[in-house]
*Asks:* 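I'd like to ask some things about the structure below.
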Protein chains: 4
Amino acid sequence: MEAEPETRLRADARRNREQIVAAAKQVFLESGPDVPMEEIARRAEVGVGTLYRRFPDRGELIRAVARDNFATVLAEATAAATEEPNAWAAIVRLLSRSRELRLSLRLALMSPMARAIVSGDPKTVEFRAEMMRVLDLLVTKAQAEGVLRKDVGSGDLAVMCRLTLERLPLDLEVSDDVILDRVIGVMLDGLRAQPGSPLPGRPLTSDDLSAR
Amino acid sequence: MEAEPETRLRADARRNREQIVAAAKQVFLESGPDVPMEEIARRAEVGVGTLYRRFPDRGELIRAVARDNFATVLAEATAAATEEPNAWAAIVRLLSRSRELRLSLRLALMSPMARAIVSGDPKTVEFRAEMMRVLDLLVTKAQAEGVLRKDVGSGDLAVMCRLTLERLPLDLEVSDDVILDRVIGVMLDGLRAQPGSPLPGRPLTSDDLSAR
Amino acid sequence: MEAEPETRLRADARRNREQIVAAAKQVFLESGPDVPMEEIARRAEVGVGTLYRRFPDRGELIRAVARDNFATVLAEATAAATEEPNAWAAIVRLLSRSRELRLSLRLALMSPMARAIVSGDPKTVEFRAEMMRVLDLLVTKAQAEGVLRKDVGSGDLAVMCRLTLERLPLDLEVSDDVILDRVIGVMLDGLRAQPGSPLPGRPLTSDDLSAR
Amino acid sequence: MEAEPETRLRADARRNREQIVAAAKQVFLESGPDVPMEEIARRAEVGVGTLYRRFPDRGELIRAVARDNFATVLAEATAAATEEPNAWAAIVRLLSRSRELRLSLRLALMSPMARAIVSGDPKTVEFRAEMMRVLDLLVTKAQAEGVLRKDVGSGDLAVMCRLTLERLPLDLEVSDDVILDRVIGVMLDGLRAQPGSPLPGRPLTSDDLSAR
DNA sequence: CATGAATGAGGATTCATTCAT
DNA sequence: CATGAATGAATCCTCATTCAT
């Protein structure tokens with residue numbers, strides 16, 4: 001799903017690049033986006049030099065990891081929209097299954113620095129646009145199906161997805177997944193078309209989430 | 001609401017301490033928990049030396065900021081429980097008003113390092129215990145009132161509070177607050193005692209959230 | 001002769017600063033302007049940190065050394081102009097005695113990088129202006145005295161001074177000083193008002209040497 | 001004028017070698033002898049690998065560039081001695097025309113490191129010997145012609161040539177060439193057999209300039 | 001007791017050189 | 001043989017922490 005960057009690389013160089021991104025993702029998750037580059041290189045079983053040849057600075061690496069995640073998230077969203085029998089099922093799957101995505105976007109959440117880097121990336125904008133396109137569709141359809149309450153928009157849905165990506169602060173007895181699944185359950189119930197209390201404001205659209 | 005540490009300090013020393021914690025909170029929020037100590041000192045209009053006299057190392061400072069936040073959060077929770085006419089109203093207020101707390105606990109969420117430091121602090125355990133005590137009470141009462149669905153526990157409520165503390169990643173057109181208020185609305189509807197779909201697992205209790 | 005930078009520094013800090021500049025001058029001369037900062041720090045008997053506190057980067061240090069040299073050169077020029085009985089004698093002394101200055105300005109001659117840094121410094125401009133002021137005076141007076149040929153200007157003199165600052169490439173049997181004194185002798189003879197062949201172009205003035 | 005090294009190389013290999021030396025000369029001049037090898041390779045439109053095949057290390061490359069310059073300088077000196085009608089004319093041409101050589105030897109002047117490498121090269125010794133042979137001849141003849149003052153030797157002449165190779169520090173309004181031509185004019189006048197003041201010491205011979 | 005200087009370990013980054021393709 | 005990738009040592013620079021003033 002990635003595009004041009006690694007278009008023509010010698011076979012081994014490409015493999016290296018992938019190893020590095022994978023290692024970085026892992027290490028960032030474990031220890032935050034400030035881990036020594038050397039640590040990342042070690043995990044990727046590469047010399048620091050190689051890492052730097054591929055990613056001129058930490059920012060570039062962060063961007064690469066983020067893009068990689070975007071691709072995964074988008075793929076899952078598209079799959080849900082495509083494979084599920086109806087839109088509501090897709091939404092349920094998206095929120096629930098995003099458990100598998102939880103590991104991903106957390107990167108951008110960590111340090112303000114990382115946040116800034118990712119936000120500044122044009123690819124981020126692209127990703128967001130595509131993601132919202134998918135969500136828009138789902139929301140419209142699910143509302144037509146009569147299952148989704150009318151006063152929510154794709155923007156609201158996006159925010160809920162985002163929230164479930166959160167890493168809960170501590171090592172708990174119960175796993176993050178179990179816990180979040182319950183919260184998601186509550187949210188899904190809250191999303192159902194029912195007498196429920198009206199939400200403040202108006203449905204958030206994809207436009208509401210455009211940066212700035 | 002702070003406790004013993006600064007029990008007996010000369011007036012000016014106490015003022016220093018407070019300035020430092022305030023500056024640290026601010027700076028941590030802006031630039032993450034890795035900002036140079038010197039930066040914090042500058043903001044607090046103190047020399048680094050003074051900062052170090054008060055907080056022997058960065059960890060101590062992070063702990064102090066966290067404790068300060070705990071105090072605030074707890075105060076708000078207690079106030080809600082006390083002042084609202086019924087438990088459900090208190091819960092609504094807690095979730096909604098936590099908007100005012102949003103700025104607070106984010107600290108612990110930033111770097112894995114900060115997380116570790118805060119978790120390791122006995123005060124954190126104390127805080128959590130007290131907080132859960134309040135929530136337990138609210139949940140029980142609200143369920144007795146017949147408004148809160150029976151299959152949620154104080155643990156579930158805690159997690160939802162926590163989620164609303166999240167800083168959304170980007171500068172959006174619509175403010176974080178507005179957005180989160182809508183999600184909270186959905187959650188509250190989902191929390192109502194209604195035919196809604198059963199949640200997975202069993203109600204989370206305060207014990208389920210004990211660390212480790 | 002240096003001005004504000006070290007205006008109010010604690011006694012020891014000031015001493016450190018001076019030690020560093022002295023060490024840097026020495027080391028730059030020995031090994032060029034690319035020597036490891038650590039080497040300079042070692043020579044100055046300071047930690048690298050201290051060096052960096054005083055001179056945020058290598059450029060700043062180079063600038064400081066250059067300014068220090070400017071002061072020395074200017075002092076010598078002024079002294080020559082003041083103390084010698086007539087302008088010709090001052091010129092002779094300037095060219096000959098610049099032997100003592102030889103060690104100095106070589107810095108700027110070394111790497112293109114160093115050159116760039118020094119040229120970009122406003123203090124360099126100031127220095128040059130003052131220096132040319134002195135030379136202008138000397139040239140005018142010496143020509144009035146009838147000793148200096150009429151077709152040279154202060155610019156020409158400046159260039160000759162500059163050339164004598166050159167470090168001769170190799171370790172020779174005969175010292176650089178002896179050798180250069182002879183060249184200077186030839187130049188001085190060539191500068192005398194005499195039938196000698198006319199020089200190409202017109203006398204170089206201080207303006208001709210203005211940068212750009 | 002180069003000798004054995006590339007005696008038998010395939011035509012394209014030789015071309016490569018020449019491109020590299022040319023690029024290196026250019027780049028050294030622009031940015032000093034510490035430019036990344038990769039930069040040189042790029043300019044020569046070769047891979048680093050190729051560069052390293054030809055010149056096992058940076059020193060070797062510097063040496064090659066220096067030797068190349070030596071050849072040029074020597075050729076010019078010989079031409080002057082041969083083609084000019086008399087020795088004085090040859091000397092004048094040598095000093096003046098060395099304008100064309102100015103670009104050359106500056107290399108050795110840059111960093112102490114480069115200096116060391118070049119000095120250590122046996123070819124440098126050879127070059128110097130040949131050069132001094134030519135100068136010796138010129139000096140003797142020019143003195144016999146009665147034009148050159150008696151108290152200078154070939155060593156003095158060599159030093160003057162060297163000085164005119166200097167790059168003047170800054171971007172001036174007037175070009176380096178014009179300026180240096182005037183200084184050379186002064187020197188030439190000073191070199192004329194005339195009552196001028198006696199030079200210090202004794203004429204420098206080629207021996208005086210032997211290294212060490 | 002406050003201050004800001006000094007220290008030095010640690011992490012980022014570059015680049016000479018080697019080596020697989 | 002040419003190429004460009006990989007390596008890692010060397011150097012820059014920052015910042016937590018200590019200590020003299």
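Here the structure is a predicted model, which means the values were calculated and not measured. Every chain is numbered from 1, with letters handed out A, B, ... down the list of sequences. Note: hydrogens, waters and symmetry copies are ignored here, and every other heavy atom, side chains too, is used.
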*Asks:* Would you kindly compare C:Val48 and D:Asp57 by the position of their nearest DNA chain E nucleotide and give the one closer to the 5′ end?
*Replies:*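 Looking at the nearest nucleotide for each, C:Val48 comes out on the 5' side.
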*Asks:* Check every atom of E:dA6, E:dA2, F:dA6 against the side chain of C:Asn16 and return the nucleotide holding the closest atom.
*Replies:*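 Of the options given, the side chain of C:Asn16 lies nearest E:dA6.
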*Asks:* Could you check which nucleotide pairs with E:dG11 in any of the strands shown, counting Watson-Crick or G-U wobble with both distances under 3.5 Å?
*Replies:*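 Looking at the geometry, E:dG11 pairs with F:dC12.
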*Asks:* Assuming nearest nucleotide by heavy-atom distance, tell me which of C:Gly49 and C:Val35 is located more 5' along DNA chain F.
*Replies:*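 Comparing both residues, the 5'-ward one is C:Val35.
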*Asks:* Donor-acceptor pair, C:Arg58 side chain versus C:Val35 backbone, under 3.5 Å?
*Replies:*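 Indeed, once roles are kept as given, a pair shorter than 3.5 Å links the two residues.
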*Asks:* Could you check whether any side-chain N or O of B:Thr124 sits under 3.5 Å from a backbone N or O of B:Gly120, counting only pairs where one atom can act as donor and the other as acceptor?
*Replies:*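 Side chain of B:Thr124 to backbone of B:Gly120: no pair is present.
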*Asks:* Grab the CZ-C1' distance between A:Arg54 and F:dA6 for me, whole Å please.
*Replies:*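 Taking CZ of A:Arg54 and C1' of F:dA6, I get 9 Å after rounding.
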*Asks:* So if I take every side-chain heavy atom of B:Arg58 and compare against F:dT17, F:dG8, F:dT7, which nucleotide ends up nearest?
*Replies:*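 The closest nucleotide is F:dT17.
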*Asks:* Kindly point out which of F:dT7, E:dG4, E:dC1 is positioned nearest to the side chain of B:Arg53?
*Replies:*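 Closest nucleotide among those given: E:dC1.
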*Asks:* Could you state the CG-P distance from A:Leu51 to F:dA5, rounded to the nearest angstrom?
*Replies:*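 For the pair A:Leu51 CG and F:dA5 P, the rounded distance is 15 Å.
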*Asks:* To the nearest Å, how far apart are A:Glu60 CD and E:dA12 P?
*Replies:*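 A:Glu60 atom CD is separated from E:dA12 atom P by 16 Å.
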*Asks:* I need the CD-C1' distance between C:Glu39 and E:dG8, as an integer number of Å.
*Replies:*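 To the nearest whole Å, that distance equals 17 Å.
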*Asks:* Could you check which nucleotide pairs with F:dT21 in any of the strands shown, counting Watson-Crick or G-U wobble with both distances under 3.5 Å?
*Replies:*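 By the stated definition (distances under 3.5 Å), E:dA2 pairs with F:dT21.
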*Asks:* Quick one: does any side-chain atom of C:Thr50 pair with a main-chain N or O of C:Val46 as donor and acceptor, under 3.5 Å?
*Replies:*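 Not confirmed, C:Thr50 side chain does not pair with C:Val46 backbone.
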*Asks:* Between D:Arg43 and D:Glu39, does at least one N-O distance fall below 4.0 Å, as a salt bridge requires?
*Replies:*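 Yes, D:Arg43 and D:Glu39 are salt-bridged.
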*Asks:* Where the side chain of A:Tyr52 is concerned, which of F:dT17, E:dT14, E:dT7 is the nearest nucleotide?
*Replies:*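 Nearest listed nucleotide: E:dT14.
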*Asks:* Just verifying a value: how many Å separate D:Glu60 CD and D:Asp121 CG, rounded to the nearest 0.5 Å?
*Replies:*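 So the CD of D:Glu60 and the CG of D:Asp121 are separated by 8.0 Å.
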*Asks:* Between A:Pro36 and B:Thr50, which has a closest nucleotide on DNA chain E that is more 5'?
*Replies:*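 Here B:Thr50 is the residue nearer the 5' end.
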*Asks:* What's the CD-C1' distance between D:Glu38 and F:dT3, to the nearest Å?
*Replies:*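 Rounded to the whole Å, the gap is 11 Å.
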*Asks:* Nearest-Å distance, CD (D:Glu45) to C1' (F:dG4)?
*Replies:*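 Answer to the nearest Å: 16 Å.
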